Amino acid sequence: MENNLNLRRYDIDWIRTIALGVLILYHIGMYYVADWGWHIKSDTTYFWLQDVMVLTNPWRMSLLFFISAVALSLVLKRYQTQDLLLIRSKRLLIPLIFCMFTIIAPQVYVEALSQQLIEPGFFSFWSQYINPRTTLLTEHHSPLGLLTWNHLWFLPYLWLYSVIVIVLHPILRDMANTKWFSNVSTRIVCYSHNDIHRPKLVFSKGVLSSIKRVSR
C-alpha cells in the first residue's frame, strides 16, 4: 500500500508556480504603472496598468502564504520538531542571507544611483552596503545599516510563522485529541429546511450523529 505522506502534490506545485508568476509580473508592472511609487520608474508609464494590477492586491500575497502553509502541513507528520525546524531554517534563512549580500545589493545600488545619492562604482558601494557601521546614506539605514532584505521580506516572515506552527503543533495536536475539543468541534450550525429565505440558527448538542434539523 502506497504511503500517501510521500505522494507529490503536483496541484500545489502548479498553484505555487502560478502565484510566483503573478508576483513576478506584478513587480515588472510596478516599473511601468503610472502614479505608483517604486524604486526606479520607466519614463513611459501607463494608467491602465493600475486597473489590472489592483485586481491581484486582495489575494496575491495571501495565496503565497496559504500555499506555504499547505506545504508545511504535508510534512509536519514526517519529521520530528527539531528536524523540521532545521530544515525550514536552511531552506529559508540561507537563501535570504545569500540574496541580501548578492541579489539585493545591485538593486539598492541602482536605486541610489538613479536618485544621484551616490557616486558610480558598485564594488565601492558594496563594501559600504555590507558594513553595518557605514556612514553612507545614514537616513536610509536599518538596524543592519544599508543591508536589507528588500522584497525578500516574505522569507523571514514565513520562517517566523513556520517556527510558531512547528513549535505549537504538538500542543495543538494533543488539544485536538481531547474529549472536550471533540465535543466543541461538533457543535455546528444547522439551518431550518422549511424556510430557505429566513433560516434559523440552531446549535447542536453532542456528537455529529445526534444533530437534528428543526423546523420554524
Side-chain angles (χ1 to χ4, degrees), residues 8-33 35-42 49-79 81-115 122 125-126 129-132 137 139-169 172:
R8 183 81 184 189
R9 290 293 303 269
Y10 293 101
D11 54 340
I12 302 300
D13 291 339
W14 274 107
I15 295 175
R16 182 191 292 113
T17 301
I18 294 172
L20 291 174
V22 171
L23 186 67
I24 292 172
L25 292 175
Y26 185 90
H27 284 83
I28 293 175
M30 286 298 298
Y31 181 68
Y32 295 101
V33 66
D35 287 349
W36 288 8
W38 191 240
H39 303 283
I40 56 175
K41 299 290 292 187
S42 171
L49 279 175
Q50 295 182 9
D51 298 328
V52 176
M53 295 169 62
V54 76
L55 294 175
T56 70
N57 287 348
W59 56 267
R60 187 181 67 255
M61 296 308 302
S62 299
L63 179 60
L64 284 173
F65 277 111
F66 173 75
I67 295 171
S68 299
V70 171
L72 180 60
S73 69
L74 294 175
V75 298
L76 275 174
K77 296 180 180 180
R78 294 168 52 186
Y79 298 97
T81 298
Q82 61 274 16
D83 295 333
L84 190 52
L85 284 173
L86 182 60
I87 291 173
R88 296 295 282 183
S89 296
K90 287 181 177 179
R91 292 183 178 180
L92 295 175
L93 296 184
I94 292 179
L96 173 65
I97 295 172
F98 174 79
C99 290
M100 287 174 64
F101 281 87
T102 57
I103 306 300
I104 302 300
Q107 298 177 7
V108 179
Y109 170 75
V110 171
E111 180 181 1
L113 193 63
S114 66
Q115 299 176 13
F122 172 73
F125 168 81
W126 188 78
Y129 169 80
I130 63 175
N131 179 10
L137 303 177
E139 64 275 13
H140 297 280
H141 278 198
S142 70
L144 298 176
L146 289 174
L147 194 65
T148 177
W149 52 53
N150 212 341
H151 293 285
L152 293 179
W153 63 267
F154 176 78
L155 294 182
Y157 276 71
L158 182 58
W159 176 81
L160 178 60
Y161 296 151
S162 297
V163 169
I164 294 174
V165 171
I166 294 170
V167 171
L168 294 182
H169 177 252
L172 297 177

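Hydrogens, waters and symmetry mates play no part in the numbers below; they use all other heavy atoms, side chains included. Values in this document were obtained by computation on a predicted structure and should not be read as measured data.
- Annotation: side-chain hydrogen bond (donor to acceptor under 3.5 Å, both in side chains) contacts involving residues 100-112, sequence neighbours excluded, comprise H39-E111.
- Under the rule for a side chain to side chain contact (heavy atoms under 4.5 Å, CB included), the partners of V163 that lie at least two apart in sequence or sit in another chain are L85, W159, V167.
- M53 CE to Y32 OH: the interatomic distance, rounded to the nearest 0.5 Å, is 12.0 Å.
- Going from atom CD1 of I15 over to atom CD1 of I12 covers 5.0 Å, rounded to the nearest 0.5 Å.
- Of the inter-residue distances, the one linking H151 atom NE2 with L23 atom CG reads 10.0 Å to the nearest 0.5 angstrom.
- With sequence neighbours excluded, the residues satisfying salt bridge (charged side-chain N to carboxylate O under 4.0 Å, His left out) with R16 are D13.
- The structure places CD1 of I67 at 13.5 Å from CG of L72, a figure rounded to the nearest 0.5 Å.
- The salt bridge (charged side-chain N to carboxylate O under 4.0 Å, His left out) check on D83 picks up nothing, with sequence neighbours excluded.
- Counting only heavy atoms from C-beta outward, the side chains of F154 and F65 approach each other to under 4.5 Å.
- Shown here are the salt bridge (charged side-chain N to carboxylate O under 4.0 Å, His left out) partners of R9, two or more places apart in sequence or in another chain: D11.
- A donor-acceptor distance shorter than 3.5 angstrom exists from the side chain of K41 to the backbone of W36, with no hydrogens or angles considered.
- Nearest heavy atoms, S68 versus R88: O-NH2, 4.5 Å.
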Give the C-alpha distance, both sets of side-chain angles, the deciding distance and a yes or no for side chain to side chain contact (heavy atoms under 4.5 Å, CB included) between W38 and V33.
-> CA-CA 9 Å; W38 191 240; V33 66; over 6 Å; no
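- L147 is linked by a side chain to side chain contact (heavy atoms under 4.5 Å, CB included) to M100, F101, Y129, L144, counting only residues two or more places apart in sequence or in another chain.
- Between the CH2 atom in W126 and the CG atom in L146 there is a gap of 13.5 Å [rounded to 0.5 Å].
- Counting heavy-atom neighbours within 6.0 Å of F122 CZ, excluding the residue itself, gives a total above 12.
- Atom-to-atom distance recorded for I166:CD1 and Y79:OH is 11.5 Å, nearest 0.5 angstrom.
- S62 places no side-chain N or O within 3.5 Å of a backbone atom of W59 that could act as its donor or acceptor partner.
- Atom CZ of R91 is surrounded by 12 or fewer heavy atoms from other residues, nucleotides or ligands within 6.0 Å.
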